[in-house]
Amino acid sequence: MIPPRRWWLRRSLRFRITMIATTITLALLFGLAGLAGKTLGPLLIQSVDDELTAVLATAGDQVRSGSGPPERGGIAVRVLDTAGTPVDGGAPSGLDREQVGELKAGLPVTDPGDPKWRWLGEVVTAPDGAQRLVAVGAPLVGFHAAVVDGSRWLLLVALVGALVATLATWLGIRSALLPVDRMRRSVRALPPGRRLPLPEAGDELRDLAAEFNALLRRQEEVSERLRRFTGDAAHELRSPVASIRVQAEVAVSNPDPELAQETLTDILDEAERLSALLDGLLALARSDAGELPPAEPVEVVTEARDAVARLPEGAPPVRVHAAVPTAWALAAPAEVALVLDNLLRNACRYAESEIVLSVLASRSRVRVVVDDDGPGISAEHREHVFDRFYRVSDDRARSSGGAGLGLAMVAEAVRRRGGRVTVGESPEGGARFQVNWRRHHG
Ligand code: ADP
């Protein structure tokens, strides 16, 4: 047995909206019919009363002026004394004492006989000074049947009205939902790289289709990036692995201890290259997956000095220029270290004789500038050097051991904290790399 809520939620939108509209219409129309049925009885009695009032007025006048009790077809006109006894020579009126009292008080009386009678009365003074109760009455023939029939008709009209409303709602929703059906079919048959056709009407469905297309575009961009990244990564991993394999094969087929030593050294170099590449790939993959340590204040001047101290022996001298004694940036310490290490390592690789590392601070930003006096980066390469696996010159980069991931990692680390990385020309003649982070005011 499915619970009613689940059953209801499994129905189509068209069914649910139609049911809700039908229930509301039915309740409304039945309510109105009931209300109308209730007022039917009083309305009928009111119309009888209106007629009786008119007759009573003339009858009262006639009794007051002393002329005999008037005749009126279908309406009984009786003249009684104040105790209710007929003085018009007719048969007893059938009104009891209580009813006579009510008539004297000017109240209408409904006598519950079969058929019912409706009476109105008025006390008048006859020319001889006697008080007379003039009573006019009419039988309420067919009253009950009229009320019952009328109510039945009203209910029937309500039912038919509700049915018509249901049909109209069903058809209306069907035509309103046609574009949704069309859209669903288009989505199902959508070939890769294509977009949904936008409905002509400028309605919610058009907005939905536009949003869906934007989502498709974003997804395609992500999967394209991922595809390129995976392809490039596989390509980059292939050469060190192939090199290790070839060297190992040579060593196995040629058991010369002297050569073996040389081969092992080469294999070690390649393995280190491979390991660095894997570290880089892992760091980028983590970053892509959105793993972001919380930002904390990092003192960049100290980090810069530490990074210089970490440089290998024999590296060109680095002049550290700190424009402020301390500069706190909002980042993670490991990110700042990664950025500085990569920029300094590159500068060392390409500098002729000197590197300048500057730490500057504005009101809202902390900026690090690395200048070298090497060959620099020509304008056409500048916009690409932060791409993954991009190398300015394959041979040179290879000989220097890089896979083109260092600057990509720098850019990723800085950008995800809302910072910027740029490359340009240094006054020293070589390349100038600049990065900045949001400044923390302690
Ligand atoms: P890699 O890890 O291979 O060095 P990077 O992403 O760090 O890769 O650098 C990308 C390219 O930018 C490299 O091929 C290198 O030629 C160039 N490059 C980076 N830094 C400098 C620099 N200071 N001077 C000249 N070229 C540079």
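Order of listing sets the numbers, starting from 1, for every ligand and every atom in it. For the numbers below, each heavy atom of this structure counts, side chains included, while hydrogens, waters and symmetry mates do not.
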For [X], atoms of ligand 1 separated by under 4.0 Å from a heavy atom:
X      : result
Val385 : 12 (O)
Gly376 : 25 (C)
Leu407 : 5 (P), 6 (O), 7 (O), 9 (O), 10 (C), 12 (O), 19 (C)
Phe433 : 20 (N), 21 (C), 23 (N)
Gly404 : 1 (P), 2 (O), 3 (O), 6 (O), 8 (O)
Arg391 : 14 (O)

Problem set entry | Atom pair CG/CD1 of Leu343 and Ile355 - distance to nearest 0.5 Å |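 Spacing of CG (Leu343) from CD1 (Ile355) equals 11.0 Å.
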
For this session: Output yes when the distance from some N or O of ligand 1 to some N or O of Val392 is under 3.5 Å, and no in every other case.
Result: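 The answer is yes, given that Val392 and ligand 1 share an N or O pair closer than 3.5 Å.
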
Is there a donor-acceptor contact under 3.5 Å from the side chain of [X] to the main chain of [Y]?
X      : Y      : answer
Arg432 : Asp372 : no
Asn436 : Arg420 : yes
Arg388 : Gly404 : no

For this session: Taking atom types as modelled, find out whether Asp373 and Ser353 have a side-chain donor-acceptor pair closer than 3.5 angstrom.
Result: yes

Exercise. Between Arg416 and Glu412, is the closest basic N to carboxylate O distance under 4.0 Å?
Worked result: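 No, no charged N to carboxylate O under 4.0 Å.
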
Exercise. Are the charged groups of Arg227 and Glu224 less than 4.0 angstrom apart, N to O?
Worked result: yes

Hey, is [X] touching ligand 1 through its side chain, its backbone, both or neither, going by heavy atoms under 4.0 Å?
X      : value
Val410 : neither
Tyr390 : backbone
His381 : neither

Problem set entry | More than 12 heavy atoms from other groups under 6.0 Å of CZ on Arg152 |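 Atom CZ in Arg152 is not crowded, with 12 or fewer foreign heavy atoms closer than 6.0 Å.
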
Problem set entry | Residue-ligand contact Arg345/ligand 1, heavy atom below 4.0 Å |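 Checking ligand 1 against Arg345, which is what was asked, there is no heavy-atom contact under 4.0 Å.
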
